[in-house]
Amino acid sequence: MKCALDNPGLISLAAGFVDPASLPIDPTRRAVDALLSDPARGRKALQYGTTIGDRSLRERLVRRLEQEEDALPGQFAHVIDRTVMTNGSQQLLYLVAEALLDPGDIVLVESPTYFVFMGLIEARGARVIGIETDDGGLSLPSLEETLLQLDEAGDLPRVKLIYTVSEHGNPTGLSLAGDRRAPLVELANRWSKSHQIYVLEDAAYRGLSFTGREPSSVWRHDEDGRCVILARTFSKSFSPGLKTGFGILPEALLDSVLNLKGDHDFGSNNFAQNVLEQVIADGSYDAQVAWLREVYRSKCEVLLGALEEHLGGVEGVSWTTPKGGLYIWLTVPEWLDTGKDGPLFSKALEHEVLYVPGSYAFPDEPGPVPTNHARLCFGVPNEEQLREGARRLAEALAACGERVA
Ligand SMILES: Cc1ncc(COP(=O)(O)O)c(C=O)c1O
């Protein structure tokens with residue numbers, strides 16, 4: 001980010017930020033006007049809220065989940081009391097880690113995964129172990145194999161959490177296949193021998209599908225509600241500046257998470273929650289999401305097209321084709337190190353294009369960490385910059401040696 005500020009000509013395919021041009025200024029202004037022109041609602045919005053979050057917003061979110069997940073009206077009413085508003089989904093990830101993990105505990109993650117999450121797990125002194133992924137996300141046979149090995153080593157009691165970015169994931173853009181979702185819950189429950197192994201479903205990019213509705217969430221398959229922690233956010237689908245998300249927690253985790261949240265902030269930004277409730281109620285939230293899907297579908301197509309134009313057919317170079325979200329995952333030949341101190345990164349800087357080195361997204365265990373990937377985000381650059389960014393990246397690759405020329 002600092003590089004981007006120092007050099008305004010640089011095209012950043014690195015920043016995982018949303019498209020600036022489509023931020024919802026008008027709907028937000030109308031919502032704020034509506035709230036503040038009604039003194040009773042204005043006062044409510046400007047007052048402290050509660051630690052768990054605004055009741056009517058939580059009810060509304062649960063009703064929307066019923067529709068999204070093809071449930072009957074009222075079918076999820078019992079989870080309203082386990083639905084917690086948070087400062088973005090990041091806060092929920094943090095609170096769950098703090099509530100659940102002791103030093104030496106183990107968290108199983110997709111490899112590659114959202115690197116910020118790994119950082120916060122490691123900060124708690126816990127171990128992060130990567131599980132193989134393919135085009136359908138987390139590989140369940142690999143997950144099972146890792147659990148078996150941990151059990152044989154006597155480490156199963158330390159396994160507390162399985163983390164999945166289920167929809168259009170960061171960094172690969174790929175989703176957990178619909179037919180792996182119920183089996184993932186079944187597997188986690190089956191291996192919960194001495195204690196519950198939780199599945200933390202981070203659905204930060206849910207809703208931003210280019211191709212229609214996503215499959216039912218992993219959470220939907222947790223019928224007795226004791227296994228899956230669902231983390232959702234409005235950062236990607238509406239505005240990161242409102243920094244509001246929500247989580248649905250199994251009963252056993254609720255009190256400890258709420259107590260920690262109370263210590264942090266005794267409640268997320270109440271004004272932002274009221275603004276969100278207003279935009280959801282007046283229909284502008286859904287209109288915004290529908291528009292964003294088109295914006296990102298088009299930007300993704302442009303970047304994919306430019307990669308094909310400049311790198312198509314180059315030996316050892318490939319990339320994912322996401323069906324939603326903000327990211328494309330690039331693979332280059334194994335001999336080419338994409339890391340910060342490697343040749344591609346410095347050539348990319350010379351050519352004024354930035355990416356996130358893929359090695360950041362892999363846990364050290366089981367290793368070795370692959371060094372030939374890059375995360376490309378099409379959130380911030382406009383379409384012209386995306387075309388130019390791909391062209392510059394191809395130049396940087398070609399400059400790294402004849403083998404990719
Ligand atoms: C996979 C994933 N989870 C969670 C977050 C946190 O976002 P927020 O706290 O704004 O909801 C991000 C942000 O980029 C993300 O990519």
Side-chain angles (χ1 to χ4, degrees), residues 1 12-20 23-24 53 57 61 83-98 107 109-121 123 128 130 133 137-138 161-176 199-209 214 217-219 228-248 257 261 264-265 268-269 272-273 275-276 285 289 292 296 300 320 322-329 355-356 358 360-363 375-380:
M1 211 40 206
S12 177
L13 300 172
F17 283 16
V18 301
D19 180 62
L23 284 167
L57 175 58
L61 295 176
T83 301
V84 182
M85 300 308 303
T86 54
N87 297 322
S89 47
Q90 191 65 32
Q91 187 188 36
L92 189 83
L93 304 184
Y94 178 85
L95 292 172
V96 166
E98 188 171 350
V107 178
V109 302
E110 287 149 353
S111 183
T113 189
Y114 172 46
F115 46 86
V116 180
F117 179 73
M118 278 199 294
L120 75 88
I121 297 303
V128 184
T133 57
L138 195 66
L161 204 57
I162 300 166
Y163 173 68
T164 175
V165 184
S166 52
E167 240 66 72
H168 326 300
N170 177 0
T172 62
L174 300 175
S175 301
L176 183 65
V199 173
L200 174 50
E201 178 179 22
D202 179 345
Y205 299 89
R206 191 168 171 91
L208 295 180
S209 161
E214 288 104 348
S217 63
V218 180
W219 175 82
V228 181
I229 303 154
L230 177 64
R232 294 281 298 260
T233 179
F234 296 99
S235 289
K236 316 296 176 181
S237 59
F238 196 74
S239 158
L242 292 177
K243 200 64 191 167
T244 302
F246 68 100
I248 303 184
V257 165
K261 184 162 167 59
H264 280 204
D265 57 19
S268 294
N269 185 321
Q273 291 178 54
V275 170
L276 273 167
Y285 174 79
V289 175
L292 280 184
Y296 290 125
C300 183
T320 55
K323 296 198 171 74
L326 301 183
Y327 305 102
I328 292 173
W329 184 242
Y355 62 82
V356 173
Y360 294 174
F362 290 99
R375 189 195 77 176
L376 310 180
C377 178
F378 44 86
V380 175

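Whatever order the structure lists ligands and atoms in, that order sets their numbers, starting from 1.
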Examine Q90 against ligand 1 and note whether any of their N/O atoms are separated by less than 3.5 Å.
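Among all N and O atoms of Q90, at least one is under 3.5 Å from an N or O of ligand 1.
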Looking only at protein heavy atoms, which one is nearest to [atom], and how far off is it?
{"atom": "atom 9 (O) of ligand 1", "answer": "K243 NZ, 2.7 Å"}
{"atom": "atom 3 (N) of ligand 1", "answer": "D202 OD2, 2.6 Å"}
{"atom": "atom 12 (C) of ligand 1", "answer": "Y114 OH, 3.3 Å"}
{"atom": "atom 14 (O) of ligand 1", "answer": "K236 NZ, 2.7 Å"}

Heavy-atom pair of closest approach, residues W219 and E201:
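So the two residues come closest at N-OE1, 2.9 Å.
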Which atoms form the tightest heavy-atom contact between V218 and S166, and what is the distance?
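Heavy-atom minimum between the residues: CG2-CB, 4.4 Å.
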Under 4.0 Å from ligand 1, counting heavy atoms only, is it the side chain of Q91, its backbone, both or neither?
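The answer is neither; Q91 stays 4.0 Å or more away.
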Could you tell me whether Y205 approaches ligand 1 through its side chain, its backbone, both or neither, with non-hydrogen atoms closer than 4.0 Å?
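Y205 to ligand 1: side-chain contact only, backbone stays beyond 4.0 Å.
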Regarding [X] and [Y], is there a side-chain donor-to-acceptor distance under 3.5 Å anywhere?
{"X": "N269", "Y": "N87", "result": "no"}
{"X": "Y327", "Y": "Y205", "result": "yes"}
{"X": "E214", "Y": "S209", "result": "no"}
{"X": "Y163", "Y": "D202", "result": "yes"}
{"X": "S268", "Y": "K261", "result": "yes"}

Which atoms of ligand 1 have any heavy atom of A204 under 4.0 Å away?
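Answer for ligand 1: 2 (C), 3 (N).
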Ligand-side contact atoms (ligand 1) for residue partner T233, heavy atom cut-off under 4.0 Å:
8 (P), 11 (O)
Can you check which of S237, S235, G88, S89 brings a heavy atom nearest to atom 4 (C) of ligand 1?
S89
